[in-house]
Amino acid sequence: MAVIDSPKKCSTGEVVVSMRGTIAELALYLVILAVAATCAFGVIRMNVGWIRLRREGLRANGVLVGVLGSQQGLRPVVRFEDCHGRSHEVTGGSTKSRVLNPGDPMGVLYLPRNPSKAEVLPLRGRVGDTIFSLIAFPVLCLTAIWTLKEAILVAKSVLLP
């Protein structure tokens, strides 16, 4: 953990050991901890939004009004009306397998209190997101716990001589 210089003897015969690099090591552990915790929070937030949309969302019939092309595939732009009759547009997830023609009917799932939170049905890539979450979240949590443990050990060696 700590980089320890070779021991040196003082004039009184005591051995002096300097501990270089422990502050830098502590800083590194704290950065890793911050990144892991932020990523874990992002995974939680992504899934909470999806679960809320599935639980509280209303279905609406929409119409394909455009298609955005990207390297990942085509992304449908769908216009739909909420339960109050207001018109909204939502961009769906990438699709490579389906032919998209303007005017095609498409389903939309949206939150009634916030129709800007909407997704084109079927929900885009949620199986992949779920698998990613099931793998990433525990890994990020374990990384954060291990890093916190190491940071505490380094902090003790720095603060308590």
Side-chain angles (χ1 to χ4, degrees), residues 1-3 21-156 158:
M1 282 229 269
V3 177
T22 55
I23 300 290
E25 191 176 7
L26 178 61
L28 175 65
Y29 285 131
L30 292 178
V31 167
I32 292 170
L33 177 64
V35 169
T38 302
C39 291
F41 177 74
V43 169
I44 291 170
R45 186 173 172 151
M46 176 180 70
N47 284 313
V48 166
W50 176 60
I51 291 168
R52 183 172 176 218
L53 185 63
R54 293 284 295 197
R55 190 171 6 126
E56 299 174 16
L58 296 179
R59 291 180 186 259
N61 293 321
V63 176
L64 183 68
V65 294
V67 178
L68 301 175
S70 69
Q71 294 173 338
Q72 290 83 24
L74 301 175
R75 297 179 53 143
V77 179
V78 179
R79 180 175 293 132
F80 70 97
E81 285 188 6
D82 64 16
C83 56
H84 303 291
R86 290 186 288 254
S87 182
H88 303 275
E89 282 189 7
V90 62
T91 303
S94 296
T95 178
K96 293 181 181 180
S97 61
R98 187 171 169 200
V99 176
L100 301 171
N101 297 311
D104 284 350
M106 299 190 84
V108 174
L109 189 63
Y110 72 95
L111 291 176
R113 285 184 258 147
N114 188 0
S116 64
K117 301 281 185 190
E119 293 216 25
V120 176
L121 295 173
L123 294 177
R124 60 178 176 185
R126 290 303 176 188
V127 173
D129 288 350
T130 302
I131 291 170
F132 170 77
S133 298
L134 290 173
I135 294 169
F137 185 71
V139 168
L140 292 169
C141 287
L142 290 173
T143 301
I145 291 167
W146 175 81
T147 304
L148 182 60
K149 178 189 75 89
E150 293 297 319
I152 289 169
L153 292 174
V154 171
K156 282 182 180 178
V158 170

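Nothing fancy with the numbering, it's 1 onward along the sequence.
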Completion exercise
By side-chain hydrogen bond (donor to acceptor under 3.5 Å, both in side chains), Asn101 pairs with (sequence neighbours left out) none
Exercise for the section: Any chance you could measure Leu28, atom CG, to Leu33, atom CG, to the nearest 0.5 Å? Expected result: 11.0 Å
Fill in the blank from the handout: Sorted by chain and number, sequence neighbours left out, side chain to side chain contact (heavy atoms under 4.5 Å, CB included) with Glu89 holds for Val65, Val77, Arg79
Handout entry: Straight-line distance of Glu119 CD to Leu111 CG, nearest 0.5 Å
Key = 10.0 Å
Practice task
Looking only at non-hydrogen atoms, find the nearest pair between Val108 and Ala118 and report the distance.
Solution key: CG1-CB, 4.0 Å
Practice task
Return the set of residues passing side chain to side chain contact (heavy atoms under 4.5 Å, CB included) with Ile152 (not counting sequence neighbours), or none when no residue passes.
Solution key: Leu148, Lys156
Practice task
May I have all residue pairs that pass salt bridge (charged side-chain N to carboxylate O under 4.0 Å, His left out) and include part of residues 30-42, sequence neighbours excluded?
Solution key: none
Handout entry: For Gly103 against Val63, the heavy-atom pair lying closest together
Key = CA-CG1, 3.7 Å
Handout entry: Those residues that, when tested against Tyr110, pass ring pair (Phe, Tyr, Trp, His ring centres under 6.0 Å) (two or more places apart)
Key = Phe80
Practice task
Under the salt bridge (Lys or Arg N to Asp or Glu O under 4.0 Å) rule, collect the residues that match up with Arg59, sequence neighbours excluded.
Solution key: none
Problem - Separation between CG of Leu58 and CG of Leu53, rounded to the nearest 0.5 Å - result: 9.5 Å
Handout entry: side chain to side chain contact (heavy atoms under 4.5 Å, CB included) partners of Leu64, counting only residues at least two apart
Key = Val67, Pro76, Val78, Leu100, Asp104, Met106
Completion exercise
By salt bridge (Lys or Arg N to Asp or Glu O under 4.0 Å), Glu56 pairs with (sequence neighbours left out) Arg52, Arg113
Handout entry: Residues that Ser87 engages under side-chain hydrogen bond (donor to acceptor under 3.5 Å, both in side chains), provided they are two or more places apart
Key = none
Practice task
Could I get the full list of salt bridge (Lys or Arg N to Asp or Glu O under 4.0 Å) partners for Arg86, not counting sequence neighbours?
Solution key: Asp82
